[in-house]
There are 2 protein chains.
Amino acid sequence: MLSQRGRYALKALTHLARADDSTPCQVTAIAESEKIPRKFLEAIMSDLRRANLVTSLRGKFGGYVLARPPEQIMFGDIIRATDGPLALVPCVSKNFYRRCDDCVSEELCAIRQVMASVRDEVSAILDRTSLAEAAAMAGGHPVSAE
Amino acid sequence: MLSQRGRYALKALTHLARADDSTPCQVTAIAESEKIPRKFLEAIMSDLRRANLVTSLRGKFGGYVLARPPEQIMFGDIIRATDGPLALVPCVSKNFYRRCDDCVSEELCAIRQVMASVRDEVSAILDRTSLAEAAAMAGGHPVSAE
DNA sequence: TGTCATCCTACGATTTCACTATGATATGGT
DNA sequence: ACCATATCATAGTGAAATCGTAGGATGACA
């Protein structure tokens, strides 16, 4: 399961993807609109900036903008930045590989082989689905009476 | 990521699937062979029994046996018993469904739609891969000098 | 200079994780 | 009956992660 942090990050970033990118979005606005605790979201946005998914503008009229066009920001990138590996076991992770310290032979491990195919399928979706597609999905908030 | 508990459970159960099912396997033997802390494995096996994945025999010469033929025990069953939902968000879980309390519309949620397809792919693998297949995979321990 | 945004450090409460300890209970052999 | 040896049940422990909150420093703009 994703952490709350990860879910909030996805919501905030799809919010940014839907927003007009000429002016930055402010944390307070995103927090209210997406029902995310403001201070918590502040910390999350800082993480996303450090992961180069958004850029920030400080000072009055500051806020956040996507670091790249939404077509180039994948769900996989976001989840890795907030929750770490997509893989179910570290020894099949491409980005966070770590050997299982109790595993005799990686090549022969039956569990590993199954988990590797799971990882491939998950990555096939999450690394090919961008914020642009999510933004286009008519989701977000049903704009009241419009 | 799976918990250590979940990884140990998978290892222990593939061990059982490979073993001769006429006599039960004892926790101590599994623990040594699979490099799992004995007391911890004891607790895990109790969980697996409560989840009806294994049956136990008490007393001397007791131990554990698979509750069903290995063809009928799926990776998905095991992971759900130890780690909970396969899904990345609770609102797309089939077995552990829970509404996202901050979600306006489930049907329109873009994130949910993506996560639902991930869940389907993961389940397609883990709920169709049985212990029998894992046991057949020539993994386990390379039997020394044979 | 004042306002209002991000940024940063630190803290706290709660929960989960990975085990461990202790003893009860069941079974079979002698 | 007794002992060895297995599972079973409950509880506890130390470390880490999770989900936030508090308070203030820093930067940008009018």
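The chains referred to below are lettered A, B, ... by the order of the sequence lines, with proteins before strands, and numbering in each begins at 1. When reading the values below, keep in mind they use all heavy atoms of this one structure, side chains included, and skip hydrogens, waters and symmetry mates.
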(request) In whole angstrom, give the distance that lies between atom CD1 of Ile30(B) and atom P of dA6(D). (result) 12 Å
Between the protein and nucleotides 10-14 of chain D, list the N/O to N/O atom pairs that are separated by less than 3.5 angstrom.
none

(request) Compare the minimum distances between each of dA21(C), dT7(D), dC7(C) and the side chain of Tyr64(A), then state the nucleotide with the smallest one. (result) dC7(C)
(request) Write down the distance between CG (Leu57(B)) and P (dG28(C)), rounded to a whole number of angstrom. (result) 9 Å
(request) Considering non-hydrogen atoms only, spot the tightest contact between Ala9(A) and Ile78(A) and give its length. (result) CB-CG2, 4.1 Å
(request) Check every atom of dT7(D), dT6(C), dG28(C) against the side chain of Arg58(B) and return the nucleotide holding the closest atom. (result) dT7(D)
(request) Take the protein atom CD of Glu32(B) and the nucleotide atom P of dA6(D), then report the distance between them rounded to whole Å. (result) 11 Å
(message) In whole Å, I'd like the distance from the OH atom of Tyr8(A) to the C1' atom of dC19(D).
(response) 8 Å
(message) How long is the straight-line distance from CG of Leu88(B) back to CZ of Arg119(B), given to the nearest 0.5 Å?
(response) 11.0 Å
(request) Counting heavy atoms from C-beta on, name the nucleotide in dC19(C), dC19(D), dC8(C) closest to the side chain of Ser3(A). (result) dC19(D)
(message) Given dT7(D), dT5(D), dA18(C), identify the nucleotide with an atom nearest to the side chain of Lys60(B).
(response) dT5(D)
(request) Mind calculating the distance between CZ (Arg38(B)) and P (dT20(C)) to the nearest angstrom? (result) 11 Å
(message) Closer than 4.0 angstrom, basic N to acidic O: yes or no for Asp47(A) and Arg5(A)?
(response) yes
(message) For dC19(C), does the base pair up with any side-chain atom of Gln4(B) as donor and acceptor (N or O, under 3.5 Å, distance only)?
(response) no
(message) Please report the distance, rounded to the nearest Å, between CZ in Phe40(B) and C1' in dC8(D).
(response) 17 Å
(request) To the nearest Å, give me how far apart CG (Leu41(B)) and C1' (dC19(C)) are. (result) 12 Å
(message) I want to check something: taking the side chain as every heavy atom from C-beta on, are Asp127(B) and Val122(B) in contact at a cut-off of under 4.5 Å?
(response) no
(message) Suppose we call a contact any N or O donor and acceptor under 3.5 Å apart; does that hold for the side chain of Glu42(A) and the base of dC7(C)?
(response) yes
(message) Please report the distance, rounded to the nearest Å, between CE in Met1(B) and P in dA17(D).
(response) 12 Å
(request) Check whether any side-chain nitrogen or oxygen of Ser46(A) sits under 4.0 Å from OP1 or OP2 of dT6(C), and answer yes or no. (result) no
(request) Just compare dC8(D), dA28(D), dC8(C) and give me whichever is closest to any side-chain atom of Arg49(B). (result) dC8(D)
(request) Verify the cluster assignment for Leu131(B) and Met74(B): are they in a single hydrophobic cluster under the rule of side-chain heavy atoms below 4.5 Å apart? (result) no
(request) Check for a donor-acceptor pair, side chain of Arg112(A) on one end and backbone N or O of Glu106(A) on the other, with a separation under 3.5 Å. (result) yes
(request) State whether Arg7(A) and Asp83(A) are salt-bridged, where the test is any N-O pair (Lys NZ or Arg NE/NH1/NH2 against Asp/Glu carboxylate O) under 4.0 Å. (result) no
(message) Can you give me the closest heavy-atom contact between Glu71(A) and Ser130(A), atom names plus distance?
(response) O-CB, 3.4 Å
(request) Please tell me which of the listed nucleotides, dT7(D), dC8(D), dC7(C), lies nearest to the side chain of Lys39(A)? (result) dC7(C)
(message) Between Gly59(A) and Arg7(A), which residue's closest nucleotide on DNA chain D lies nearer the 5′ terminus?
(response) Arg7(A)
